[in-house]
There are 2 protein chains.
Amino acid sequence: MEKQPHCECEVIHADVVQAVKQQLLGEETYMSLATLFKLFGDSTRVQILHALEQHELCVCDLAALLGMTKSAISHQLKSLRLARLVKYRRDGQNVYYSLADDHVKKIIDMGCEHISE
Amino acid sequence: MEKQPHCECEVIHADVVQAVKQQLLGEETYMSLATLFKLFGDSTRVQILHALEQHELCVCDLAALLGMTKSAISHQLKSLRLARLVKYRRDGQNVYYSLADDHVKKIIDMGCEHISE
DNA sequence: TCAACAGTTGAATATCTGTTCAACCATTTG
DNA sequence: CAAATGGTTGAACAGATATTCAACTGTTGA
């Protein structure tokens with residue numbers, strides 16, 4: 001996660017490197033992107049997201065669906081919630097989760113396309 | 001990464017769970033998706049990918065651009081190579097890397113859209 | 001052939017991350 | 001109010017992962 005330690009080599013193509021550097025986004029942007037994609041980088045979480053893509057579900061439903069404990073699911077939902085990938089509503093004892101926006105679907109679809117090439 | 005340990009709770013909405021289950025993809029598909037997205041889930045790697053989106057670059061260029069050692073960059077490129085996200089060509093002492101297909105760009109763009117909402 | 005440099009690799013280390021466990025809060029129902 | 005159930009939380013542990021380091025390969029040019 002650290003950056004600028006040092007670079008032991010010479011720049012081979014100074015001009016190209018300079019040009020590309022102009023196009024690069026800020027440090028924090030790459031951090032945010034990584035943080036976002038990290039959430040898709042776990043089979044439990046993608047599965048949760050893909051399930052919620054089909055229908056809103058409560059924690060117990062998800063636990064049953066994935067064969068996992070409510071606790072494990074709840075921990076993962078918390079991460080997804082903090083990243084605003086899912087939203088929730090409480091109805092009685094149940095908390096229903098659903099996707100926060102459709103970027104999630106688009107990203108998963110794009111991933112599916114890539115792996116099925 | 002493990003699955004079916006047990007679920008301590010009852011299924012609340014058996015019908016919905018059943019319906020969603022039908023729509024779910026295979027276990028291995030979610031694994032593959034997670035493996036793919038995990039590669040985008042590191043700021044060094046997204047930065048490499050985003051840089052290569054602009055122009056093909058050799059390892060030294062990337063090292064200089066990101067302020068990291070050639071070794072660190074090379075290790076990451078290996079992961080990206082194995083996942084067929086980047087391709088490379090050797091020219092003399094230099095090895096030039098570039099994006100393997102345009103899903104990479106689409107996925108990163110989608111990510112940018114999400115974080116800039 | 002040898003030196004120099006680009007790049008790769010494997011082992012080691014420090015850090016991060018996912019699940020479990022136990023305790024807890026929230027809501028409903030008797 | 002008490003019991004039952006859905007859900008959340010924090011600490012702890014095990015497994016994964018990114019960078020470093022040192023050794024190595026491959027290519028060029030003297």
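The sequence lines fix the lettering, A, B, ..., with proteins before strands; numbering per chain opens at 1. Heavy atoms only: backbone and side chains are in, while hydrogens, waters and symmetry mates are out.
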Find the distance B/Q47:CD to D/dA18:C1' and express it as a whole number of Å. 15 Å
Both A/G92 and B/H75 contact DNA chain C. Taking the nearest nucleotide for each, which residue is further toward the 5' end? B/H75
Base, sugar-phosphate alone, or nothing: which one does B/Y88 contact when heavy atoms must sit under 4.0 Å apart? nothing
Just how far, in rounded Å, is C1' of C/dT29 from CD of A/Q93? 9 Å
To the nearest angstrom, the NZ-C1' distance between A/K78 and D/dA11 comes to 13 Å
Report yes if a side-chain nitrogen or oxygen of A/S71 is closer than 4.0 Å to either non-bridging phosphate oxygen (OP1 or OP2) of D/dT9; otherwise report no. no
May I have the distance from B/I73 (atom CD1) to D/dT20 (atom P), rounded to whole angstrom? 10 Å
Report yes if at least one side-chain N or O of B/T69 is closer than 4.0 Å to OP1 or OP2 of D/dT20; otherwise report no. yes
Between B/R84 and A/E117, does any NZ, NE, NH1 or NH2 come within less than 4.0 Å of an OD or OE carboxylate oxygen? no
Ranking C/dA26, D/dT8, C/dG7 by distance to the side chain of A/V95, first place goes to D/dT8
Of the nucleotides D/dG7, C/dG18, C/dG10, which one has an atom closest to the side chain of A/Q76? C/dG18
State, with a plain yes or no, whether a side-chain heavy atom of A/S79 is found less than 4.5 Å away from one of A/L39. yes
Rounded to the nearest Å, what distance is computed from the CG atom of residue A/N94 to the P atom of nucleotide D/dG6? 7 Å
Shortest non-hydrogen contact from B/Y30 toward B/L25: OH-N, 2.9 Å
Please report the distance, rounded to the nearest Å, between OH in B/Y96 and P in D/dT27. 15 Å
If each of A/D91 and A/R45 is mapped to the nucleotide of DNA chain C with the nearest heavy atom, which maps nearer the 5' terminus, i.e. the 5' end? A/R45
Along DNA chain D (nearest heavy atom to each residue), the more 5'-positioned of B/A72 and A/Y97: A/Y97
Distance-minimising heavy-atom pair for B/Y97 and B/V86: CD2-CG2, 3.8 Å
Taking only the side-chain heavy atoms of B/C58 (C-beta and beyond), determine which of C/dT8, C/dG7, C/dT19 contains the nearest atom. C/dG7
From C/dT9, C/dG18, D/dG6, pick the nucleotide closest to the side chain of A/K70? D/dG6
Check the distance between C/dG7's C1' and B/R89's CZ and give it to me in whole angstrom. 15 Å
Nearest of C/dT9, C/dT27, C/dT17 to any side-chain atom of A/R90? C/dT27
